K.L.:
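Below is one structure. I have some questions about it.
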Protein chains: 2
Amino acid sequence: MDQPSPPRPAVMIDVARLAGVSHQTVSRVLNGHPSVRDETRERVLTAVRQLNYRPNALARGLAGRRSRVLGVVSFDTILYGPAATLLGVERAARAAGYGVSIVTLEQLDHDGVSDALSALAEQSVAGVVIIAPFTNTAAALRSLPMGIPAVVVEAGASGGLPAISVDQVAGAELAVRHLLELGHETVWHVRGPQNWLEARDREGAWRSTLEAAGRSVPPVIDGDWSARSGYQAGLRLAGDPRVTAVFCANDQQALGLLRAFHERGVRVPDSVSVVGFDDIPEAEFMSPPLTTIRQDFDEVGRRCLAMLLDLLDSPVETPVYPRVTPVLVSRASTGIRQSANANS
Amino acid sequence: MDQPSPPRPAVMIDVARLAGVSHQTVSRVLNGHPSVRDETRERVLTAVRQLNYRPNALARGLAGRRSRVLGVVSFDTILYGPAATLLGVERAARAAGYGVSIVTLEQLDHDGVSDALSALAEQSVAGVVIIAPFTNTAAALRSLPMGIPAVVVEAGASGGLPAISVDQVAGAELAVRHLLELGHETVWHVRGPQNWLEARDREGAWRSTLEAAGRSVPPVIDGDWSARSGYQAGLRLAGDPRVTAVFCANDQQALGLLRAFHERGVRVPDSVSVVGFDDIPEAEFMSPPLTTIRQDFDEVGRRCLAMLLDLLDSPVETPVYPRVTPVLVSRASTGIRQSANANS
DNA sequence: AACCGCGCTGTGAACGCTAACAATCGTCCC
DNA sequence: GGGACGATTGTTAGCGTTCACAGCGCGGTT
């Protein structure tokens, strides 16, 4: 008739009593401290199971110094890149026994990053991953009140901060070279928003690859990652006979571009070849299937976390990790430069 | 020569000393307790600013009952729906002064949900939002060790759990009716994965809408949300002259379907009309632009959070919120049933 | 003049855990 | 055989905050 399960969840002292040991011994068992007799350890673990005990992370964090929670600052997690990176980081964190607290920025600016970081600091996160490839993240980070270990994702020039990045330059080169090798005289570019580092890197590499090949550099077209901006770029480009190859800074823009071309009767790849960036799951099923540059976001997440954990161990030295190398995925949207050339 | 800023961040007692009051008074000021003299309040706030003091959320959570952190359990945050909902919830939570801790499920099963919930419980979250429209989430939730207030998102039959959902039935009806009104004899359906509640609801509503209209119900085609599955469905459907209208359970599937149709020379909307579901940002720029059912995920997130906060206030009664109503967005992928009919 | 109540403030004890140190026991070594 | 030592366990003190319960001073009552 007694009530065996109190509504209040068991705490460490309950386990200790049930196992006939002190709470400290329970703590030792839970934290894998070596000097506990096997027989005692078993007794404790049995009690833990019996009471369905789960240690309280809050108390843990308060008592020890480190919490088992990491913070992630991200921006626009509906975009494929950030979403995929977030997922990668979250998975890796969970595998390493960390919880993940997120803050999504409304705007990519200094104050936003700063606020986000102090919100996370308040929660005593052990470290922070910043998936906000804002051109000015570094400054925001430096102005951080307290020194939380932080890793920045996908920031090209991170200003000395530990960073994991996909080699955007290599990716853009891959795209441009691919198009040049197909016989195109030059390559047009629809770039991403200027406050994103990736966008700048891709544009820069596009430009320098063309220059290195001794080709003329057409005027760059603005874009903001959205399919709409790609569509608008497509409308502008569709009338121009000089345009035979376009490198879009991401796949959504390429989708919009393809749409505009389709509407205007520009045939892809017959008249114009198109390359995107990211290899979103939909790329393979666009009309036509999109040649693009694949980034391994999962790998980014994993390395990112590995780096952060290194940083937690030895906060003095900044670990250096190699960039993640993107690969070209060739599909139907790119083709040999057609005989139209013969007219010239 | 002295060092004015100790590396250790200021704590409440530091503020108290600086302001010449007790730590409890500082606490009162911070929590907006009324019985503090204005002059004292000012003095404390000045000290807070001066020391750049931020209360420690861990200690707060430990001492008081409630933490200011909410948990979110989600699944496959790369998909548009979950990603958008997550973003909506996160925004609303932040606006309400809550932090957000996320757990992304690897698999949609009972244990996954259960583990995720206890991981969050460990972090003493105040409440949980579950964006895992798994058909069996309800059971997993009930087997939860302790009673954390929880709100389920997008679950049709949530088994008595507080839930916010988009009215999938209304949405699917909108899609099917739209196609019937355009003169199509019947509507084919490419459904989503069977363990998703949304997929089941959409399929059910598709079926019953057809039946209510006295139309024949074609065999359903399987899909898994991916563009690839839509593509495969498209290949199967492309040869069939009876197919004049297809309702896809989401926009990605519709994209794949459009691709397959394009490949096989099936013209959209001339030969076949296609409707999707979600209105992802890319839908407008598909070839042709996709008619689809728009869901307001931001609204879902907001209501969800409002509901959870209600639940935190009075855990006894389950608040009831109306469903979010989706709307039809008509684009070029649907058109009047063409003269092909005249042949029959 | 003693008393009550109210506005404001301070004191002590949790909250559940880890860290540092002390205690106990048996063993090993000379 | 005594003391040092290692293995194992217990004890005590925080971590930084909130909660419950006093205190104190002052004006108004009786």
Side-chain angles (χ1 to χ4, degrees), chain A residues 6-45 47-48 51-69 97 99 121-126 146, chain B residues 6-45 47-48 51-69 97 99 121-126 146:
Chain A
R8 173 178 64 65
V11 296
M12 190 176 270
I13 196 70
D14 299 326
V15 176
R17 267 196 277 269
L18 182 57
V21 296
S22 78
H23 64 119
Q24 177 59 356
T25 297
V26 176
S27 170
R28 277 191 270 254
V29 169
L30 262 43
N31 293 306
H33 193 97
S35 67
V36 176
R37 223 186 338 158
D38 281 355
E39 190 263 342
T40 310
R41 184 192 318 282
E42 278 315 315
R43 210 142 34 95
V44 169
L45 289 176
V48 164
L51 295 175
N52 192 26
Y53 166 76
R54 319 224 84 203
N56 180 320
L58 259 41
R60 242 182 200 192
L62 228 207
R65 267 42 182 83
R66 55 183 143 287
S67 79
R68 295 293 279 181
V69 176
E122 214 164 297
Q123 289 180 46
S124 312
V125 295
M146 53 207 72
Chain B
R8 176 178 65 64
V11 296
M12 191 177 271
I13 196 70
D14 299 327
V15 176
R17 266 196 279 269
L18 181 58
V21 297
S22 77
H23 64 118
Q24 177 57 3
T25 297
V26 176
S27 171
R28 276 191 271 254
V29 169
L30 262 43
N31 293 304
H33 194 97
S35 67
V36 176
R37 223 187 337 160
D38 280 355
E39 190 263 341
T40 309
R41 184 191 319 283
E42 278 316 315
R43 210 144 30 95
V44 169
L45 289 177
V48 164
L51 295 175
N52 191 26
Y53 166 76
R54 321 223 81 205
N56 180 320
L58 258 41
R60 242 180 195 189
L62 227 207
R65 272 64 179 72
R66 57 185 145 286
S67 78
R68 295 293 278 182
V69 175
E122 215 165 293
Q123 289 179 46
S124 311
V125 295
M146 52 207 71

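Side chains included, hydrogens not; waters and symmetry mates left out as well; all remaining heavy atoms used. Just so we're clear, the structure is a prediction, and the values are computed from it rather than from any experiment. Naming: A, B, ... by sequence-line order, numbering from 1 per chain.
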K.L.:
Could you check how far CZ of R28(B) sits from P of dC21(D), rounded to whole Å?
P.N.:
14 Å
K.L.:
Between E39(B) and A63(B), name the one whose nearest nucleotide on DNA chain C is closer to the 5' end.
P.N.:
E39(B)
K.L.:
Rounded to the nearest angstrom, tell me the gap between atom CD1 in I13(B) and atom P in dG10(C).
P.N.:
11 Å
K.L.:
For the pair made of CG in N56(B) and C1' in dC15(D), what is the distance, rounded to whole Å?
P.N.:
8 Å
K.L.:
Among dT9(D), dT18(C), dT18(D), find the nucleotide with the atom closest to the side chain of M12(A).
P.N.:
dT18(C)
K.L.:
Distance check, rounded to the nearest 0.5 Å: Q24(A) atom CD versus I13(A) atom CD1?
P.N.:
11.0 Å
K.L.:
Starting at the 5' end of DNA chain D, which residue's closest nucleotide do you reach first, L62(B) or V21(A)?
P.N.:
V21(A)
K.L.:
Classify S22(A) by what it touches in the nucleic acid, base, sugar-phosphate, or nothing, heavy-atom distance under 4.0 Å.
P.N.:
base
K.L.:
Tell me the interatomic distance from R37(B), atom CZ, to dG10(C), atom P, rounded to whole angstroms.
P.N.:
10 Å
K.L.:
Round to a whole Å and report the spacing from CZ of R41(A) to C1' of dT8(D).
P.N.:
11 Å
K.L.:
Run V29(A) and L45(A) through side chain to side chain contact (heavy atoms under 4.5 Å, CB included) and show every step you take.
P.N.:
CA-CA 8 Å; V29(A) 169; L45(A) 289 176; 3.8 Å; yes
K.L.:
Base, sugar-phosphate or nothing for T25(B)? Non-hydrogen atoms, less than 4.0 Å.
P.N.:
sugar-phosphate
K.L.:
If you define the side chain from C-beta out and look only at heavy atoms, does anything of L30(B) sit under 4.5 Å from Y53(B)?
P.N.:
yes
K.L.:
Quick one: which of dA19(C), dG16(D), dC17(C) gets closest to the side chain of A59(A)?
P.N.:
dC17(C)
K.L.:
If I take atom CG in residue L30(B) and atom P in nucleotide dT18(D), what distance separates them, rounded to the nearest angstrom?
P.N.:
7 Å
K.L.:
Show the numbers, then the answer: is there a side chain to side chain contact (heavy atoms under 4.5 Å, CB included) between R17(B) and D14(B)?
P.N.:
CA-CA 5 Å; R17(B) 266 196 279 269; D14(B) 299 327; 3.9 Å; yes
K.L.:
Keeping the roles fixed (side chain from R28(A), backbone from H33(A)), state whether a donor-acceptor pair exists under 3.5 Å.
P.N.:
no
K.L.:
Within the structure, does a side-chain N or O atom of S35(A) lie under 4.0 Å from either OP1 or OP2 of dT9(D)?
P.N.:
no
K.L.:
Whole-Å distance between dT17(D) P and R60(A) CZ?
P.N.:
22 Å
K.L.:
H33(A) has an atom NE2; how far is it from atom P of dA19(C), in whole Å?
P.N.:
10 Å
K.L.:
With nearest nucleotide decided by heavy atoms, which residue, S27(A) or H23(B), maps closer to the 5′ end of DNA chain C?
P.N.:
H23(B)
